[in-house]
Amino acid sequence: MNRALVTDDVGRAVEVLASGGLVAIPTETVYGLAARADDVDAVARVYRVKRRPFDHPLIVHVASLADAERVAVFDDRSRALAARFWPGPLTLLLPRRATVPDVVTGARETVAVRIPDHLVTLAVLRQFPAGVVAPSANRFGKVSPTSAAHVVADLGDDVDLVLDGGPCALGVESTIVDCTVTPPMILRPGGVTETALRETIGDVSSTVSGPSRAPGMLASHYAPRCRVLLAASRGEAEAMAAAESAAGSTCRIIDLTDNPEAYARDLYDLLRRADTDQVAVVVAVMPSDSGLGAAVRDRLTKAAYRPSNDGSRFSR
Ligand code: TXA
Ligand code: MG
């Protein structure tokens, strides 16, 4: 790996971002591909590097609620969520301020915003009151990165710098909550659970896994090269793996169902390792819906998606 690309120097990361460059930044969820939110050319380059369509808008990352209020319009509900969960793995979809460039929001009337819970990245963000955009630092539709090495393997020299803040503690993306509807709607399950959201603001609704209307919430996503099959139990996984092996496919079982936190933290690394090891088929045992299990189920369903296999057996 190109070592010159990787640094733990916050000052260098700030310099590169300030001059319009792209820096991969660590967060508690996954690594993000960051650019200044107020630099239209830099933001456009983020889409190009990711090979992501412009109608899949980006999350603005900020260091404080005061900065968030300059990007988005809050009400009592969204302020309550921010007070309880920020910094943390919660992204709020809110009415945008006119100052946010169209390229960030896909010209929508809403903007997605969050304060990530990572000391190194918060030190960077404090220097950018207009925020930085940061989609996951992988090519569009592929497995998200949870370490600096993952980013380098995916993006190489297409990124100007990788700020190494160690492996991501949580391992799956933030929960996205649309606060422009009543009740607020979970668009993507993640690090903050539905139960925790309800405790804070009462009623919330959630989209089911699989095909969905929200932009960027595609049926297929987080996809490794290997084929991913879903099993409801360890026993079922073993039977499926035996059948695949008998048919001549190299096969591996992923099963951390006894520890949803470890499942979330290690999932993307396990999928990447399967590809590096040239495994043809991964059989993943689905965790229960509780805690981080809902986010893991969502990512596995999308990683497994094939038009002929819509994963609806496992929809929530
Ligand atoms: O944990 C995370 O959220 C990570 C880290 C880096 O912070 N970021 C992340 O970004 O997962 P990304 O771009 O991979 O996913 C953001 C999702 C996309 O599906 C996008 O379409 C949706 O949020 N999104 C962003 N702005 C939106 C908007 N204004 N309206 C609807 N959806 C929006
Ligand atoms: Mg992503």
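Both ligands and their constituent atoms are indexed starting at 1 by order of listing. If you're wondering where the values come from, they're calculated on a predicted model, not measured in any experiment. Reckoned from all heavy atoms, side chains included, excluding hydrogens, waters and symmetry mates.
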Say whether Glu173, considering both its backbone and side-chain N or O atoms, lies within less than 3.5 Å of an N or O atom on ligand 1.
no
Enumerated ligand 1 atoms positioned under 4.0 Å from heavy atoms of Leu93:
27 (C), 28 (C), 29 (N), 30 (N), 31 (C)
What atoms of ligand 1 come closer than 4.0 angstrom to any heavy atom of Pro135?
10 (O), 12 (P), 13 (O)
Please list, in number order, the atoms of ligand 1 under 4.0 Å from a heavy atom of Ile176.
17 (C), 23 (O)
For Arg114 and Thr27, test the side chains for any donor-to-acceptor distance below 3.5 angstrom and give the result as yes or no.
yes
Heteroatom proximity flag, Lys50 to ligand 1, N/O under 3.5 Å:
no
List ligand 1 atoms under 4.0 Å from Gly32, heavy atoms only on the residue side.
6 (C)
How does Arg52 reach ligand 1, if at all, at less than 4.0 Å between non-hydrogen atoms: by side chain, backbone, both, or neither?
side chain
Here the atoms of ligand 1 under 4.0 Å from any heavy atom belonging to Ile59 are 3 (O), 8 (N), 9 (C), 10 (O), 16 (C)
Going by the 4.0 angstrom heavy-atom rule, the piece of Leu187 near ligand 1 is neither
So, Asp67 and Arg70, do they make that salt bridge, N to O below 4.0 Å?
yes
Assess the side chains of Glu173 and Ser136: does a donor N or O sit below 3.5 Å from an acceptor N or O?
no
Short version for Arg96: what comes under 4.0 Å of ligand 1, heavy atoms counted, is neither
Using heavy-atom distances, let me know which of Ala24, Ala112, Ala134 sits nearest atom 8 (N) of ligand 1.
Ala134
If we count only N and O atoms by modelled type, under 3.5 Å, do the side chains of Thr146 and Arg265 hold a donor and an acceptor together?
no
Purely on distance, is any nitrogen or oxygen of Thr29 under 3.5 Å from one on ligand 1?
yes
Could you please spell out the steps behind the side chain to side chain contact (heavy atoms under 4.5 Å, CB included) verdict for Arg84 and Val192?
CA-CA 11 Å; Arg84 162 121 190 238; Val192 170; over 6 Å; no
Polar contact flag for Ser174 and ligand 1 (N/O pairs, less than 3.5 Å):
yes
Without hydrogens or angle criteria, can the side chains of Asp298 and Thr301 be said to hold a donor-acceptor pair below 3.5 Å?
no
Metal proximity, Tyr222 vs the Mg ion (ligand 2), N/O/S cut-off 2.8 Å:
no
Spacing of Arg77 atom CZ and Thr180 atom OG1 [to the nearest 0.5 Å]:
8.5 Å
Give the contacting part of Asp178 toward ligand 1: side chain, backbone, both or neither, where contact means a heavy-atom distance below 4.0 Å.
neither
Got a second to check how far Leu197's CG is from Met185's CE, nearest 0.5 Å?
13.5 Å
Does the N or O separation between Arg108 and ligand 1 drop below 3.5 Å for any pair?
no
Answer yes when Asp102 and Arg96 have at least one side-chain N-carboxylate O distance shorter than 4.0 Å, and no when they do not.
yes
Derivation of the side chain to side chain contact (heavy atoms under 4.5 Å, CB included) call for Leu230 and Leu300:
CA-CA 8 Å; Leu230 306 178; Leu300 280 172; 3.9 Å; yes
Residue that, paired with Asp158, satisfies side-chain hydrogen bond (donor to acceptor under 3.5 Å, both in side chains) out of Arg48, Lys50, Arg139, Arg51:
Arg139
Under 4.0 Å from ligand 1, counting heavy atoms only, is it the side chain of Thr110, its backbone, both or neither?
both
